[in-house]
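Let me begin by presenting the structure, written as structure tokens, before commenting on it.
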Amino acid sequence: SQTIHQWPATLVQPVGSPLSLECTVEGTSNPNLYWYRQAAGRGLQLLFYSVGIGQISSEVPQNLSASRPQDRQFILSSKKLLLSDSGFYLCAWMPLAGLFDTQYFGPGTRLTVL
Amino acid sequence: DAKTTQPTSMDCAEGRAANLPCNHSTISGNEYVYWYRQIHSQGPQYIIHGLKNNETNEMASLIITEDRKSSTLILPHATLRDTAVYYCIVRPAGGGADGLTFGKGTHLIIQP
């Protein structure tokens, strides 16, 4: 069966510090991968998605970036965090050739920027 | 993707059926209705999806009206663990690699 992992689970970082969040998927090949953010009291916002290694599509211009160095690894980064980057970050995967758009989400990383 | 409208919040007694409505009056013929839920501090969880026929799985039932302009998610015997935000999403089959658009959903509170 497929599983998705995210780490760390929680993170407290000072403003201006770098960020690296990691997501890995097991039990599948060639998945579509996604990063979403949920700010406090807000809905889920799609940040990035990827259909393959090295292929990244950005939905929202901001100081975050994403990379996909391996088929089942998706990384979210920032060089300098802002207070507004605080939130709940969720990684998700979807079968590449799936007919139905069922996405499977990870447990999330709660980021607090102070 | 067609727009959806859901009530902001609903209460339901434990053990009773929870019926969550969703309006999608601009749905197209090739668009499916998907339901996800998000329990507090967890990632969203897929529940069920359907095109025009009623669907049932181990988690819930989905009733879609004949004109497909609205649907109802039914949790037959709600438990306290069903307290969550429920999202109704409409997308065409194979709608592409881009992400899902989550609205504000319905906050379902199961009362003991």
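Note that the coordinates shown come from a computational prediction; the quantities given were computed from them, not determined experimentally.
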Side chain, backbone, both or neither: which part of [X] has a heavy atom under 4.5 Å from chain B?
{"X": "A/Q45", "value": "neither"}
{"X": "A/R42", "value": "neither"}
{"X": "A/Y36", "value": "side chain"}

- Message: So A/Q103 and B/P44, do their side chains get closer than 4.5 Å, heavy atoms only?
- Response: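 They are not in side-chain contact.
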- Student check: side-chain heavy atoms of A/L44 and B/Q38 closer than 4.5 Å: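 Heavy-atom side-chain distance check passes, below 4.5 Å.
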Consider only side-chain heavy atoms of I, L, V, M, F, W and Y, link residues closer than 4.5 Å, and tell whether [X] and [Y] are in one cluster.
{"X": "A/V25", "Y": "A/I75", "answer": "no"}
{"X": "A/F105", "Y": "A/W35", "answer": "no"}
{"X": "A/L19", "Y": "A/Y34", "answer": "no"}
{"X": "B/V90", "Y": "B/Y86", "answer": "yes"}
{"X": "B/Y87", "Y": "B/I109", "answer": "no"}

- What is the distance from atom OH of A/Y49 to atom CG of B/L100, rounded to the nearest 0.5 Å? 12.0 Å
- Task: Mind checking the CD1-OG1 spacing from B/I47 to A/T102? Nearest 0.5 Å is all I need.
- Result: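 One gets 11.5 Å once the value is rounded to the nearest 0.5 Å.
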- Begin with the C-alpha distance, continue with both residues' side-chain angles, and end with the deciding distance and a verdict on side chain to side chain contact (heavy atoms under 4.5 Å, CB included) for B/F102 and A/L46. CA-CA 9 Å; B/F102 289 83; A/L46 177 67; over 6 Å; no
